[in-house]
Amino acid sequence: MTHRLSLPETKDKIGIYEALLPQVESLFQGEPDLIANMVNLVAVLKEAFQHLWIGFYLVKNDELVLGPFQGSLACTRIGFGKGVCGSSWKNMKTIIVPDVDKFPGHIACSSESKSEIVVPGIRKGRVSFVLDIDSHLLNTFDATDARYLGLLVDHLLKYSES
Ligand code: SME
């Protein structure tokens, strides 16, 4: 099946996220492969928002391992509790970092990254993966991003097998 992303004229991010949600849900319907759906979600978010780096890290044994992403080269493994991603895994919470230089232990994959958000995907009470988005601007992410990215991650969990 072919899909084409339809984005609204608005630059308002609530409007953009609202337009993405049903399209992403329809993209995932009938496709149980987690990686295939992650790849498409990264592509959708990149087209909609053009952030510096958008990608997933998957929990494998006792580490996060790099998964589908768009952006420049990234570190492949992150330990439990390390950096923003490992902290989101440990705390099972979305973390918004307005200024990466002020986050103790931040792992800098790119010197261009200034702010970041990490959203955990939690299945059966355990973190299965994290969605990590980096911006080249300070203060890019807020509660709106946390809410809508959380809803998109919920779609991913609902339609994909682990
Ligand atoms: N900054 C992340 C590392 C991953 S890269 O941003 C792609 C962290 O501190 O966990």
Side-chain angles (χ1 to χ4, degrees), residues 5 7 11 13-14 16-17 20-21 24 27-28 33-157 159-160 162:
L5 188 62
L7 291 169
K11 296 218 181 316
K13 67 182 167 185
I14 294 182
I16 298 173
Y17 280 123
L20 293 186
L21 277 168
V24 166
L27 197 57
F28 290 167
D33 191 280
L34 178 65
I35 299 298
N37 287 336
M38 284 178 163
V39 170
N40 265 339
L41 182 53
V42 167
V44 163
L45 290 171
K46 188 75 176 167
E47 192 173 333
F49 296 107
Q50 298 93 40
H51 294 307
L52 180 69
W53 196 93
I54 303 175
F56 288 94
Y57 283 89
L58 293 105
V59 173
K60 294 191 178 171
N61 301 316
D62 55 352
E63 287 179 309
L64 288 169
V65 181
L66 184 62
F69 74 93
Q70 289 201 16
S72 51
L73 284 178
C75 43
T76 52
R77 287 170 192 268
I78 297 174
F80 184 70
K82 304 290 182 194
V84 188
C85 293
S87 300
S88 172
W89 176 18
K90 184 176 175 184
N91 300 321
M92 303 179 85
K93 291 252 180 330
T94 294
I95 300 180
I96 295 169
V97 183
D99 179 348
V100 296
D101 289 339
K102 297 196 172 124
F103 187 93
H106 169 258
I107 299 165
C109 290
S110 161
S111 59
E112 285 181 67
S113 172
K114 303 288 182 229
S115 60
E116 182 165 0
I117 185 168
V118 178
V119 181
I122 300 170
R123 202 192 285 281
K124 293 183 189 144
R126 300 173 80 101
V127 175
S128 159
F129 58 80
V130 298
L131 169 62
D132 178 19
I133 306 184
D134 287 72
S135 168
H136 60 285
L137 301 171
L138 289 165
N139 293 307
T140 297
F141 306 104
D142 58 20
T144 294
D145 298 285
R147 171 162 187 268
Y148 282 100
L149 292 171
L151 291 171
L152 289 165
V153 163
D154 285 347
H155 281 341
L156 191 54
L157 289 160
Y159 291 101
S160 318
S162 51

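Given the structure is predicted, the values throughout are model-derived calculations rather than measurements. Counting starts at 1 for both ligands and their atoms, following the listed order.
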Practice prompt. Decide yes or no for Glu116 and Phe103: does some side-chain heavy atom of the first lie under 4.5 Å from some side-chain heavy atom of the second?
Written response: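 Not in contact.
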Worksheet entry | Beyond-backbone contact of Ile54 with Leu41, side-chain heavy atoms, under 4.5 angstrom |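 They are not in side-chain contact.
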Worksheet item: Could you walk me through whether Leu156 and Phe28 pass the side chain to side chain contact (heavy atoms under 4.5 Å, CB included) check?
Response: CA-CA 7 Å; Leu156 191 54; Phe28 290 167; 3.8 Å; yes
Worksheet item: Ignoring hydrogens and geometry, is there a side-chain-to-backbone donor-acceptor pair from Asp142 to Asp145 under 3.5 Å?
Response: yes
Worksheet item: Applying the side-chain hydrogen bond (donor to acceptor under 3.5 Å, both in side chains) test to Asp134, which of Ser110, Ser72, Ser113 qualifies?
Response: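 Going through the options one by one, the only one that passes is Ser113.
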Could you check ligand 1 for N or O atoms lying under 3.5 Å from protein N or O atoms and list the pairs with distances?
residue: ligand 1; atom: 1 (N); partner: His106; partner atom: NE2; Å: 3.3
residue: ligand 1; atom: 1 (N); partner: Ile107; partner atom: O; Å: 2.7
residue: ligand 1; atom: 1 (N); partner: Glu116; partner atom: OE1; Å: 3.1
residue: ligand 1; atom: 1 (N); partner: Glu116; partner atom: OE2; Å: 3.0
residue: ligand 1; atom: 6 (O); partner: Asp132; partner atom: OD2; Å: 3.3
residue: ligand 1; atom: 6 (O); partner: Asp134; partner atom: OD1; Å: 3.1
residue: ligand 1; atom: 6 (O); partner: Asp134; partner atom: OD2; Å: 3.2
residue: ligand 1; atom: 9 (O); partner: Val84; partner atom: N; Å: 2.9
residue: ligand 1; atom: 9 (O); partner: Ile107; partner atom: N; Å: 2.9
residue: ligand 1; atom: 10 (O); partner: Val84; partner atom: N; Å: 3.0
residue: ligand 1; atom: 10 (O); partner: Cys85; partner atom: N; Å: 2.8

Worksheet item: Between Leu64 and Gly86, which heavy-atom pair has the shortest distance, and what is it?
Response: CD1-N, 3.9 Å
